[in-house]
Amino acid sequence: MDMLVSTEWLAGEIGASDLHIIDATQFLPDSGRDAKAEHGFEHIPGAVFMDLDEVRDTSNPIPGMLPSAEKFASRMQSLGIGDGSRIVIYDNSPLHSAARAWWMTKDVFGAHNVAVLDGGLAKWKAEGNSVEQGKQQVRHRHFTPFHDDSAVRSLDDMKALVGSSDTEIVDARPAERFAGSSPEPRPDIAAGHIPGSKNVPHSTLFNDDGTWKRGDDLSAAFDAAGVDLEKPMVTTCGGGTTAAVLLIGAKLLGKTDVALYDGSWAEWGSQGDTEKATGAA
């Protein structure tokens, strides 16, 4: 499967026995919205809900850190998703959080046939496709994770990159949060950004209808921030969600040497020994 599938493609495939649809909607903690409740109210027929606020390492004080392979496999099995499934992930969030679920499922835990629904629930509904309510009854299936850390960067990895010109660190947060002129939505997190990083707000990678930009329009978002797409890239954000948007965007442009800093600013900004920069890149 390609990284992106269209709503037209999905409408034609719904009902296939090997196709599984995941709603991975997530919101910022101060949004006032409840992703799970919204899923129960309306979702694409057959879709199950992946709670990204729970599919994480809940023992870690840093929000949103990757779960263990065993936990991820358990959650996929409980959603009725197993080996050999074709998986389409969507969201209904300004965070475009399906990207985070795609990164975990495909890049980190090794599922083969995983795609993001281009345009998400909003485009699906705008085209007159049906939605349903309630919770799906699923049959547990066996899911085998193949944990690959090559797509993940740690705090120590990032400390080693500061001051290096060999790798681009690209931050997906809005410009005001990157510059430190707007507060972080999580308490006790400093303002600013990782020194030497560049800012590509994740929203700049999408068209007005919520579909992904492609080709020159997509590369222009990185070019505008002075990102050298020939260099290896590490993406970051506030808590590891919109960083995955930049990662997918880079991959749509053909990059393979791109990884994600899982702790992102929630971790970096909470540490006493990390240098914080403010202002424009």
> Can we say K159 and D273 salt-bridge, meaning some charged N sits less than 4.0 Å from an Asp/Glu carboxylate O?
Replying inline: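 D273 and K159: salt-bridged.
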
> Between K255 and D257, is the closest basic N to carboxylate O distance under 4.0 Å?
Replying inline: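 Judged by the 4.0 Å cut-off on N to carboxylate O distance, D257 and K255 do form a salt bridge.
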
For [X] versus [Y], what's the shortest heavy-atom pair and its separation?
X	Y	answer
A98	I89	CB-CG2, 3.8 Å
R86	W9	NH1-CZ2, 3.5 Å
F222	A250	CZ-N, 4.0 Å
P145	A69	CG-O, 3.6 Å
A243	C237	N-SG, 3.2 Å
A101	A24	CB-CB, 3.6 Å

Would [X] and [Y] show up in the same hydrophobic cluster when neighbours are defined by side-chain heavy atoms closer than 4.5 Å?
X	Y	result
L247	V227	yes
M233	M3	yes
V152	V245	yes
Y90	I22	no
F109	M1	no

Would you say [X] and [Y] make side-chain contact, with heavy atoms under 4.5 Å?
X	Y	value
T211	K123	yes
T7	L117	yes
L95	L28	yes
M76	M50	yes
Y261	L155	yes
R33	N92	yes
N207	K213	yes
F49	L79	no

Is it true that a side-chain atom of [X] and a backbone atom of [Y] form a donor plus acceptor pair closer than 3.5 Å?
X	Y	result
K106	H112	yes
W102	V114	yes
N129	W124	yes
R56	M65	no
Q133	F41	yes
D34	K36	yes
S93	F27	no
E267	I62	no
S182	E176	no
S74	E70	no

How long is the gap from [atom1] on [X] to [atom2] on [Y], to the nearest 0.5 Å?
X	Y	atom1	atom2	result
L10	E127	CG	CD	10.5 Å
W265	S197	CH2	OG	7.5 Å
E275	H193	CD	NE2	9.5 Å
K198	E168	NZ	CD	3.5 Å
S97	D53	OG	CG	9.5 Å
T236	I169	OG1	CD1	8.0 Å

Enclosure of [X] [atom1] (heavy-atom neighbours >12, cutoff 6.0 Å):
X	atom1	answer
D216	CG	no
K231	NZ	yes
D209	CG	yes

> Who are the ring pair (Phe, Tyr, Trp, His ring centres under 6.0 Å) partners of F143, not counting sequence neighbours?
Replying inline: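 Counting only residues at least two positions away or on another chain, F143 forms a ring pair (Phe, Tyr, Trp, His ring centres under 6.0 Å) with F72.
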
> Does the side-chain contact (heavy atoms from CB on, under 4.5 Å) test come out yes or no for I189 and S270, once each step is laid out?
Replying inline: CA-CA 5 Å; I189 305 294; S270 66; 3.8 Å; yes

>> With side-chain contact (heavy atoms from CB on, under 4.5 Å) as the criterion, how do T167 and V234 come out once you've worked through the C-alpha distance, each side chain's angles and the decisive distance to 0.1 Å?
In response: CA-CA 7 Å; T167 298; V234 179; 4.0 Å; yes

Checking [Y] against [X]: is there a side-chain donor and acceptor pair closer than 3.5 Å?
X	Y	answer
Q26	T241	yes
K276	T274	yes
D23	H43	no

>> Go through it in stages, so that I can follow the logic: the residues are N113 and I87, the test is side-chain contact (heavy atoms from CB on, under 4.5 Å), and I'd like the CA-CA distance, side-chain angles, deciding distance and then a yes or no.
In response: CA-CA 6 Å; N113 296 312; I87 304 168; over 6 Å; no

>> Angle between ring planes, H202 versus F206, binned at 30° and 60°: parallel, tilted or perpendicular?
In response: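 Judged by the thresholds at 30° and 60°, the geometry between H202 and F206 is perpendicular.
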
>> Is there a side-chain contact (heavy atoms from CB on, under 4.5 Å) between R214 and L4? Walk through the geometry before answering.
In response: CA-CA 11 Å; R214 308 296 282 271; L4 301 179; 3.4 Å; yes

>> The test is salt bridge (Lys or Arg N to Asp or Glu O under 4.0 Å); show your working for R100 and D262 and say whether it passes.
In response: CA-CA 10 Å; R100 170 76 184 191; D262 196 31; 2.8 Å; yes

